[in-house]
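Here is the structure we will look at, set down as structure tokens.
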Amino acid sequence: MRVVLAVLILHLLAICHADDTPVFSWKSVEFEDVEKTATVGGYPSYVASGNHVSGIGYHARSGSMIVTIPRRQPGIPATVGAFCAKDWKKGSSPKIFPIPNGQLNALKEGFFSEAKEMTSADAVSRKARASGDDLKPIISVSTPIIDNKCNRLWFLDTGAIWYPDQIIVVHRPSMWVVQLPEKSCSKDAFKVIKRIEFSDDEVGDLSGLADLALDFAKNGTCDDVHVYMPDSLGRQIVVHDYRKGKTWAFRGHYSFDPIVRESAIVAGDNQYVIEEGINSLTLGWRDSSDYRAAYYIPLSGTGQFAVSTQVLKDESRAPGNFHPEDFRLIGYRGQQLQANRHVFDPKTGIIFYADAQEQSIRCWNVRRPLTPDHIGVTNFNASDIEGLDISIDSRGQLWILANKPLKFRVSGVDTKEVNAKVFRLSVNDAIQGTSCEDSSAINDDFDEAERNVYENFEDFIH
């Protein structure tokens, strides 16, 4: 009896650890250092209901919080921004400054000149270059990826303005690499390292590029990295060899496609039909040959798939020269358990899923068979929110963004209510007392390069 009571108390303590007070929240996003009074292409430069935090990434070493707002609505002055956590109290609504700078985030009148008469979402205009600029501007970004090994920010720009009534393709999709502050957060510390533009053969004009995974060589430099990018609209995995500057893509496998019967997503009182394929990819442990399992999922579907990075790194197997069994089904998570994103924690061996329908974060220990019985519910719950995004920082903290991405796509958000909340929860607290917890499974010998632990640095969250 005492044992049962002790277990129950531990479980209740774990739930209490899951603080339901957001670290930050926004009804609407305010900006610093951007033009908000002009019009561009007939649209106001700033519309409060059009600005909705859709992605976050926390750099624990400097206390920089990266924020992304894809251009799904008019009036977004910056699609990539940041704020310094130390400057804002817990529960506040931080103002965001554009990174790398305001000029690279700004829309230009010329982008709209060939598309003024377009009213159909199927109509696409190609208007393109930023004349006189050394770098083409950043058009629309969904997800920031923090590289703790090299203190860099990575993100994918679709190159397209995707308003509800018109789509404007400004330039080719691209990948950006930006330097992050080494120590403390500073507006002037975000410098562009490289911009990589993809060709027509690699990525289509209208891509679903958002997430990416970084696969560094075990004893390599910051340039010795392969980048894996799921393309939900192109239904492919795009691979980039950063050292060699080469890109290729894998296409034609059924696991990259959406499952039509699983494309209905119920969020709150609303139902959306979204037919999007592979949307998230996360990397497991290295094996003795320096390869990993690349786990991936479609947005429209509940299956979990995996492929060895040995396959992905082999350009000769792309786009369709692979064996069908190279890309394999691991299992199904359960009915209506579509996920916006999933991430792997290298210390515990657990994959966390940001539910698309439920306001919860689920988990799976990769040492166990993937069945609905082995999918756990973490000690986190959000209310009055329709979508979740998730990431893990260098200290083993889960960062959870609870927001309203589907409503944002369709009509913009209601600025009279809270539309985005940011929560922080340690991995250990998230799984304590759940079916994912297994103290014997903790890997104390995991390669710390997988997750640099800055234990001697300040915690910038007040």
Side-chain angles (χ1 to χ4, degrees), residues 39-45 47 50-52 54-55 68-80 98 103-143 154-176 192 194-212 229-238 240 247 249 251 256 258 274-279 299 319 405 408-410 412:
T39 60
V40 181
Y43 297 98
S45 296
V47 178
N51 286 269
H52 180 52
S54 296
T68 53
I69 305 172
R71 283 191 166 110
R72 288 280 188 168
Q73 295 288 338
I76 298 173
T79 184
V80 187
Q103 182 181 3
L104 283 176
N105 274 270
L107 296 180
K108 302 181 188 302
E109 191 73 30
F111 300 163
F112 297 85
S113 61
E114 293 183 1
K116 287 182 179 179
E117 304 302 320
M118 294 184 180
T119 58
S120 169
D122 295 324
V124 177
S125 167
R126 189 166 214 13
K127 177 65 183 173
R129 312 301 178 190
S131 58
D133 294 340
D134 293 331
L135 284 171
K136 297 172 188 175
I138 308 165
I139 304 303
S140 186
V141 178
S142 294
T143 306
W154 297 66
F155 58 82
L156 295 165
D157 176 16
T158 64
I161 302 167
W162 202 309
Y163 293 162
D165 62 344
Q166 97 181 142
I167 300 172
I168 306 159
V169 176
V170 180
H171 53 59
R172 301 288 311 142
S174 59
M175 179 169 64
W176 291 67
V192 178
K194 186 175 287 189
R195 176 186 183 272
I196 298 153
E197 187 171 285
F198 302 118
S199 71
D200 289 321
D201 293 336
E202 296 158 355
V203 179
D205 271 351
L206 293 181
S207 75
L209 292 176
D211 195 15
L212 63 84
M229 296 159 276
D231 181 356
S232 62
L233 298 182
R235 302 179 184 182
Q236 61 181 357
I237 298 177
V238 182
H240 180 77
T247 304
R251 307 184 186 103
F256 305 159
I274 301 179
E275 293 187 17
E276 293 189 11
I278 176 173
N279 71 311
L299 176 58
F408 169 61
R409 284 191 188 192
V410 175

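Here the structure is a predicted model, which is why all the values come from computation and not from measurement.
- The closest side-chain heavy-atom distance from N105 to V80 is below 4.5 Å.
- Taking the side chain as every heavy atom from C-beta outward, S142 and P70 approach each other to under 4.5 Å.
- Heavy atoms only, all atoms of each residue included: G75 and Y163 are closest at N-OH, 4.3 Å.
- Between the CD atom of E275 and the CG atom of L233 there is a distance of 11.5 Å, given to the nearest 0.5 Å.
- Considering only heavy atoms from C-beta on, H171 comes within 4.5 Å of D157 through its side chain.
- Smallest separation of non-hydrogen atoms from Q236 and I278: O-CG2, 3.7 Å.
- The two residues H240 and T247 come nearest to each other via the heavy atoms ND1-OG1, 2.7 Å.
- Taking CG from L156 and CG from L212, the interatomic distance works out to 5.0 Å, rounded to the nearest 0.5 Å.
- From E197, atom CD reaches atom CE of M175 across 12.0 Å, with rounding to the nearest 0.5 Å.
- Note that the OG atom of S54 and the CD1 atom of I76 stand 8.0 Å from one another [nearest 0.5 Å].
- For the residue pair L299 and N279, the shortest heavy atom distance occurs at N-OD1, 3.0 Å.
- Here the CZ-NZ distance, from R172 to K136, works out to 9.5 Å after rounding to the nearest 0.5 Å.
- Relative orientation of the F112 and Y43 rings is tilted, given thresholds of 30° and 60° on the angle between their planes.
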For the pair W176 and I138, evaluate side-chain contact (heavy atoms from CB on, under 4.5 Å) and give the outcome as yes or no after the intermediate values.
CA-CA 9 Å; W176 291 67; I138 308 165; 3.5 Å; yes
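- Screening L209, V238, I139, T158 against P173 for a side chain to side chain contact (heavy atoms under 4.5 Å, CB included) leaves a single residue, L209.
- If you run side chain to side chain contact (heavy atoms under 4.5 Å, CB included) between T79 and each of L107, I161, V141, only V141 comes through.
- A donor-acceptor pair is defined here as one N or O able to donate and one able to accept, closer than 3.5 Å; such a pair exists between the side chain of E109 and the backbone of G41.
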Run the numbers on D231 and F198 for side-chain contact (heavy atoms from CB on, under 4.5 Å), then give the verdict.
CA-CA 13 Å; D231 181 356; F198 302 118; over 6 Å; no
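- Between P98 and Q103 the shortest side-chain heavy-atom distance does not fall below 4.5 Å.
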With side-chain contact (heavy atoms from CB on, under 4.5 Å) as the criterion, how do Q73 and V47 come out once you've worked through the C-alpha distance, each side chain's angles and the decisive distance to 0.1 Å?
CA-CA 9 Å; Q73 295 288 338; V47 178; over 6 Å; no
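- Contact record, A160 with S140: O-CB, 3.4 Å, taken as the closest heavy-atom pair.
- Taken to the nearest 0.5 Å, the CZ atom of R71 stands 16.0 Å off from the CH2 atom of W162.
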For L104 and V192, run side-chain contact (heavy atoms from CB on, under 4.5 Å): C-alpha distance rounded to whole Å, both residues' side-chain angles, the deciding distance at 0.1 Å, then the answer.
CA-CA 10 Å; L104 283 176; V192 178; 4.0 Å; yes
